[in-house]
Asker: 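Mind looking over this structure? Questions follow.
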Number of protein chains: 2
Amino acid sequence: MVENDLNRVFHALGDPTRRAILDRLAGGEATVSQLSRPFPVSFAAVSKHLGVLERAGLVTREARGRERVCRINPAALNDARSWLEFHQSFWTERLEALAALVEAGPDSPDESR
Amino acid sequence: MVENDLNRVFHALGDPTRRAILDRLAGGEATVSQLSRPFPVSFAAVSKHLGVLERAGLVTREARGRERVCRINPAALNDARSWLEFHQSFWTERLEALAALVEAGPDSPDESR
DNA sequence: ATCATTTTCAACCATATGGTTGAGTATATA
DNA sequence: TATATACTCAACCATATGGTTGAAAATGAT
């Protein structure tokens with residue numbers, strides 16, 4: 001299920017409007033109309049984006065009267081960040097290993113096969 | 001341009017096959033056919049995925065004879081990780097602020113209005 | 001009760017996406 | 001030279017995506 005979540009999270013983050021919505025939400029909660037105001041797309045489009053973000057777990061919508069208050073839920077970013085960090089740490093390790101090899105001496109610089 | 005890169009990187013990471021390719025590549029470089037072997041899609045499909053990953057800067061393809069050697073380039077993950085960490089650190093700060101408020105005393109626990 | 005506001009939903013459209021197959025190109029091998 | 005291998009490219013297909021507009025539903029205000 002983490003797999004599926006990662007799909008949804010990364011896919012949600014792949015759209016600039018949705019990232020902008022999250023940026024805005026980082027400044028505090030907001031209603032759908034407050035959120036949609038600065039964007040050059042229709043109200044309904046923003047509502048759809050919020051649906052995508054909500055399904056990815058990145059945003060929660062809570063009814064308050066006739067409004068929906070949206071909040072960011074950065075906990076959903078954890079899996080994505082873990083994934084990225086795993087790959088980056090792998091890279092760091094490899095670079096360090098390479099540097100160690102290079103420093104150890106130019107005798108066996110190539111062990112790629 | 002970072003914007004555009006983020007679009008491409010997050011979009012590329014949104015597909016499970018592409019993440020699996022990166023996972024595989026984390027184990028070391030591989031040719032396109034080596035990469036495509038374990039996947040239940042056609043050779044051409046994997047080649048396309050590699051194109052997406054390459055355009056996102058996540059993978060490099062280098063010709064070696066008739067083969068293409070693919071390598072992961074985790075440096076491209078930097079922007080994505082920065083973006084995620086910004087939003088998470090924001091969140092952490094807010095949580096800490098909330099915790100501080102709660103500890104400070106139950107007199108003004110609700111300032112959400 | 002009526003009207004306005006906020007939001008979602010449904011239908012629709014153009015384009016993007018991920019997949020296929022088949023042809024084409026370049027390199028290795030017989 | 002002929003043939004097999006590794007790969008990309010082009011054309012095509014089904015579905016997903018992001019956008020629109022126009023109801024519809026629920027709540028607030030008069």
Side-chain angles (χ1 to χ4, degrees), chain A residues 3-25 28-72 112-113, chain B residues 3-25 28-72 112-113:
Chain A
E3 257 309 301
N4 224 326
D5 285 354
L6 269 189
N7 287 351
R8 283 201 262 259
V9 169
F10 279 130
H11 169 251
L13 296 180
D15 183 276
T17 302
R18 286 194 286 265
R19 283 201 310 280
I21 288 175
L22 290 178
D23 284 339
R24 181 104 203 286
L25 245 25
E29 62 182 35
T31 68
V32 180
S33 48
Q34 287 173 335
L35 280 174
S36 84
R37 206 165 299 136
F39 293 106
V41 296
S42 71
F43 195 88
V46 171
S47 182
K48 273 199 194 177
H49 280 305
L50 285 168
V52 173
L53 289 167
E54 195 174 37
R55 256 167 273 131
L58 290 165
V59 155
T60 60
R61 267 186 292 193
E62 185 197 346
R64 184 159 68 193
R66 64 185 160 184
E67 301 180 323
R68 300 285 186 285
V69 175
C70 305
R71 294 191 198 83
I72 196 174
S112 68
R113 169 115 349 149
Chain B
E3 258 307 302
N4 224 326
D5 285 353
L6 269 189
N7 288 350
R8 284 201 262 260
V9 169
F10 278 131
H11 170 251
L13 297 181
D15 183 277
T17 302
R18 286 193 288 264
R19 283 202 310 282
I21 288 174
L22 290 178
D23 284 340
R24 181 105 203 284
L25 245 26
E29 63 182 36
T31 68
V32 180
S33 48
Q34 286 173 334
L35 280 175
S36 84
R37 206 163 302 136
F39 294 105
V41 296
S42 71
F43 196 87
V46 171
S47 182
K48 273 199 192 177
H49 279 305
L50 285 168
V52 173
L53 290 167
E54 195 174 38
R55 256 168 274 131
L58 289 165
V59 155
T60 60
R61 265 185 293 192
E62 187 197 344
R64 184 160 67 193
R66 65 185 161 182
E67 301 181 325
R68 301 287 185 282
V69 175
C70 306
R71 293 190 199 84
I72 196 172
S112 69
R113 172 119 348 146

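Letters go in sequence order (proteins before strands), and every chain restarts at 1.
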Asker: Go through DNA chain D in 5' to 3' direction and return only the first and the last nucleotide with some atom under 4.0 Å of chain A's heavy atoms.
Answerer: D:dT17 to D:dG28
Asker: Assign each of A:F43 and B:R61 to its nearest nucleotide of DNA chain D by heavy atoms, then name whichever residue's nucleotide is nearer the 5' end.
Answerer: B:R61
Asker: Can a donor-acceptor pair under 3.5 Å be found between the side-chain atoms of A:R66 and the base atoms of C:dT5?
Answerer: yes
Asker: How long is the span from the CG atom in A:D15 to the NE2 atom in A:H49, to the nearest 0.5 Å?
Answerer: 4.5 Å
Asker: Distance check needed: C:dT25 P versus B:R68 CZ, whole Å only.
Answerer: 14 Å
Asker: Which distance, rounded to the nearest 0.5 Å, do you find between the CG of B:L50 and the OG1 of B:T60?
Answerer: 10.5 Å
Asker: When you measure from the side chain of B:R61 to the backbone of B:C70, do you find a donor-acceptor pair of N or O atoms at a distance under 3.5 Å?
Answerer: no
Asker: Among A:L53, A:L58, A:V59, whose side chain to side chain contact (heavy atoms under 4.5 Å, CB included) with A:L25 holds?
Answerer: A:V59
Asker: Do B:R24 side-chain atoms and B:Q34 backbone N/O form a donor-acceptor pair below 3.5 Å?
Answerer: yes
Asker: Please determine whether a side-chain nitrogen of the Lys or Arg among B:R64 and B:E29 lies less than 4.0 Å from a carboxylate oxygen of the Asp or Glu.
Answerer: yes
Asker: Indicate, with a heavy-atom threshold strictly under 4.0 Å, whether A:A44 touches base, sugar-phosphate, or nothing.
Answerer: base
Asker: Can you work out whether A:A45 or A:E67 has the more 5'-proximal nearest nucleotide on DNA chain D?
Answerer: A:A45
Asker: For residues B:S36 and B:F43, report the shortest heavy-atom separation together with the two atoms involved.
Answerer: OG-CD1, 3.4 Å
Asker: Closer than 3.5 angstrom, by distance alone: can the side chain of B:R18 be matched with the main-chain N or O of B:A12 as a donor-acceptor pair?
Answerer: yes
Asker: Looking for any heavy atom pair under 4.0 Å, which part of the strands does A:S42 touch: base, sugar-phosphate only, or nothing?
Answerer: base
Asker: Check whether any side-chain nitrogen or oxygen of B:R64 sits under 4.0 Å from OP1 or OP2 of C:dT27, and answer yes or no.
Answerer: no
Asker: Using a heavy-atom distance cut-off of less than 4.0 Å, which residues of residues 46-59 of chain B contact DNA chain C?
Answerer: B:K48, B:H49
